[in-house]
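Heads up: the structure comes next, in structure tokens.
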Amino acid sequence: MNCTRIGLRYYYSTSPFNQRTLLFKNAPKVDDALQVFDEMLQRQPPPSIFQFTQLISVIVKMKQYSTALKLFKQMRLMGVPVSIPTMNISINCYCRLNQVAYGFALLATLFKQGFSPSLATYSTLIHGLVLADRVFEAVELFKKLLRDKLCDPDQVMYGTVINGLCKVGHTSKAIELLTFMESGSCKPCVEQYSVVIDSLCKDKMVDHALELFAKMTGKGVLADVITYNSLIHGLCNFGRETEAAKMLRNMEEEGVSPTVATFNILVNSFCKQGSVKDAELAVQEMVRRGLCPNVITYSALIDGYCLRGEIDEAEKVLNGMTEKDLAPNIITYNSLINGYCKKKQIDKARHLFQEIQDKGLIPDVITYNSMLQGLFESGNPAAARELFNEMQAKGQAPNIYTYRILLHGMCKNSQCSDALALFRSVESKELMVVTNAGSLTWLWICLTNFY
DNA sequence: CTAGGGTTAG
């Protein structure tokens, strides 16, 4: 696919230009959409704001939020008028870029220009606060909107708040809000139920999730693939594979087809059980059904092989995905790096660690944790401590596992006084506030065992 | 199918 073809399709197609043209038909790249944008800017008379918005929403769906914002800026400079939808998309972009403050700044601009925010504007901002882990403020904003009667919340807005509550572990509060919806005129639909069902599964309350699922379907709300995915995931996670299989059959009987995500849940579950062969069969089945394995599929397989110590097989999968033009990401590589470290192949781990950075990937705290453990276990505490400094210099905050690895490594290498000093510094950083009592106890046990 | 919400990997 090249840009010209999209451009031509845009100019000469008799059917109206739409998202699917750009998004799905020819799987074009962002550059193609940008080319269309440039052509649109040069057209006389200029296309409507509607058409610009359509195109930019394609770019947003490709998760190119900064690009989308740049295009809006360019449009403004070219004198294309703004509208509530364009403002909403911009606010959403800022929120996705973790800059919810800019989102609120845009809300102020919007008021100044005499626009009235829509429900979508407010829902986007509430979601932005949730994305920024500011759920308390999200709930406060929602309450303020209700209190001041600034809007009449719809299912999406309720759902956004319910999701926020679930995200911070307040599933029971989320259930209260869901029940409130049931009692009112804005009845919950499958999205709101699914959020809570998923949260219950993650809270290890799979039976409660199943009960809510039964209640939902009892009210005539049909489960969709995401509802089923959450339940299958929950059942698999707690060793209830037979029920998961039953759920899978049930969903197909209901006419809901499994997606890549559904199969990925199965692939991952097989891998965690150590039966990568079954995982491979699941991948074959998804391909047979015309579904295309994605980065998550291959990463799960790689991790599965690494867990079994079959690094060669993991490397084969990595090569296979690269051949299919799928770019491995940091999660993919973390499995391999961890696999090398666990097999005491620290040189291979270090090499890969360097290689991915040369490719422009940013190691995260999990990468560093694997490397640190590998370095200690290969008898190189000095390199480990150097890497610990490096990770902080590069802005990767150590977590409780990092400290656990360091304390353990130092103690084992007769550096107990250093370990104690490190522990004191952890204490002074008040890391315990963000950890839990269990981890803190572990630190003490680790120290007292070796001191 | 011009704007906002829910599922999958380390």
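For clarity, every value in this text was computed on a predicted model and none was experimentally measured. Convention: sequence-line order gives letters A, B, ...; per-chain numbering from 1.
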| task | May I ask you to verify whether the side chain of N294(A) and the base of dA9(B) hold a donor-acceptor pair under 3.5 Å? | result | no

| request: Let me know the distance between OH of Y158(A) and P of dG4(B), rounded to the nearest Å. | output: 21 Å

| Should the pair Y102(A) and Y94(A) be assigned to parallel (<30°), tilted (30 to 60°) or perpendicular (>60°) ring geometry? | parallel

| remark: Among dG6(B), dA3(B), dA9(B), the one nearest any side-chain atom of D224(A) is dG6(B)

| said: Using a 4.0 Å heavy-atom cut-off, does T86(A) contact any base of the nucleic acid, only the sugar-phosphate backbone, or nothing at all? | reply: nothing

| said: What is the distance, to the nearest angstrom, from the CG atom on L119(A) to the P atom on dA3(B)? | reply: 15 Å

| remark: Closest of dA9(B), dA3(B), dG4(B) to the S123(A) side chain is dG4(B)

| said: Please determine whether a side-chain nitrogen or oxygen atom of K202(A) lies at a distance below 4.0 Å from atom OP1 or OP2 of dT8(B). | reply: yes

| task | Can you check whether any acceptor in the base of dG4(B) is under 3.5 Å from a donor in the side chain of T124(A), or vice versa? | result | no

| request: Identify which nucleotide among dT7(B), dG4(B), dA3(B) has an atom closest to any side-chain atom of A261(A), counting heavy atoms from C-beta outward. | output: dT7(B)

| message | For the residue pair T121(A) / S118(A), report whether a side-chain donor-acceptor contact shorter than 3.5 Å exists. | response | yes

| remark: Checking dT7(B), dA3(B), dG4(B) against the side chain of D198(A) (C-beta onward), the nearest is dT7(B)

| Side chain of S57(A) - closest among dA9(B), dA3(B), dG6(B) | dA3(B)

| request: Only one of L212(A), V206(A), L231(A) passes side chain to side chain contact (heavy atoms under 4.5 Å, CB included) with L200(A); say which it is. | output: L212(A)

| Length of the CD1-P vector between I91(A) and dG4(B), whole Å | 12 Å

| Looking across every strand, which nucleic acid part, if any, lies under 4.0 Å from I84(A) by heavy atom: base, sugar-phosphate, or nothing? | base

| Over how many whole Å does the gap from K272(A) atom NZ to dT8(B) atom P extend? | 11 Å

| Are side-chain N/O atoms of S194(A) and T227(A) paired as donor and acceptor at under 3.5 Å? | yes

| query | Out of dT8(B), dA3(B), dT7(B), which has the shortest distance to the side chain of I265(A)? | reply | dT8(B)

| said: The side chain of D154(A) is closest to which nucleotide in this list: dG6(B), dT2(B), dG4(B)? | reply: dG4(B)

| said: Using a heavy-atom cut-off of 4.0 Å across all strands, would you classify V295(A) as base, sugar-phosphate, or nothing? | reply: base

| said: Whole angstroms only, please: what is the CG-C1' distance between L125(A) and dG4(B)? | reply: 10 Å

| request: Quickly work out the L110(A) CG to dG4(B) P distance and round it to whole Å. | output: 15 Å

| Across the strands shown, which category fits D303(A) at heavy-atom distances under 4.0 angstrom: base, sugar-phosphate, nothing? | sugar-phosphate

| Counting side-chain heavy atoms from CB outward, which of dA9(B), dG4(B), dC1(B) is closest to H127(A)? | dG4(B)

| When the distance from CG of L212(A) to C1' of dT7(B) is rounded to whole Å, what number comes out? | 15 Å

| message | Expressed as a whole number of angstroms, how long is the span from N92(A):CG to dA3(B):P? | response | 11 Å

| query | Just checking, is any N or O donor in the side chain of E191(A) or Y158(A) under 3.5 Å from an acceptor N or O on the other one? | reply | no

| note | Ranking dG4(B), dT2(B), dG6(B) by distance to the side chain of P85(A), first place goes to dT2(B)

| Sugar-phosphate, base or nothing in reach of V196(A), heavy atoms under 4.0 Å | nothing

| said: From the set dA3(B), dG4(B), dT7(B), return the single nucleotide nearest to any side-chain atom of S230(A). | reply: dT7(B)

| query | Taking Y368(A) as the fixed residue, which of F353(A), Y401(A), F388(A) is the one that meets the ring-ring contact (aromatic ring centres under 6.0 Å, His included) rule? | reply | F353(A)

| message | For dG4(B) and K61(A) - does any side-chain N or O of the residue sit under 4.0 Å from the phosphate oxygens OP1/OP2? | response | no

| When we call it a touch if two heavy atoms are under 4.0 Å apart, what does T297(A) touch: a base, just sugar-phosphate, or nothing? | nothing

| So, are K316(A) and E313(A) salt-bridged, with charged N and O less than 4.0 Å apart? | yes

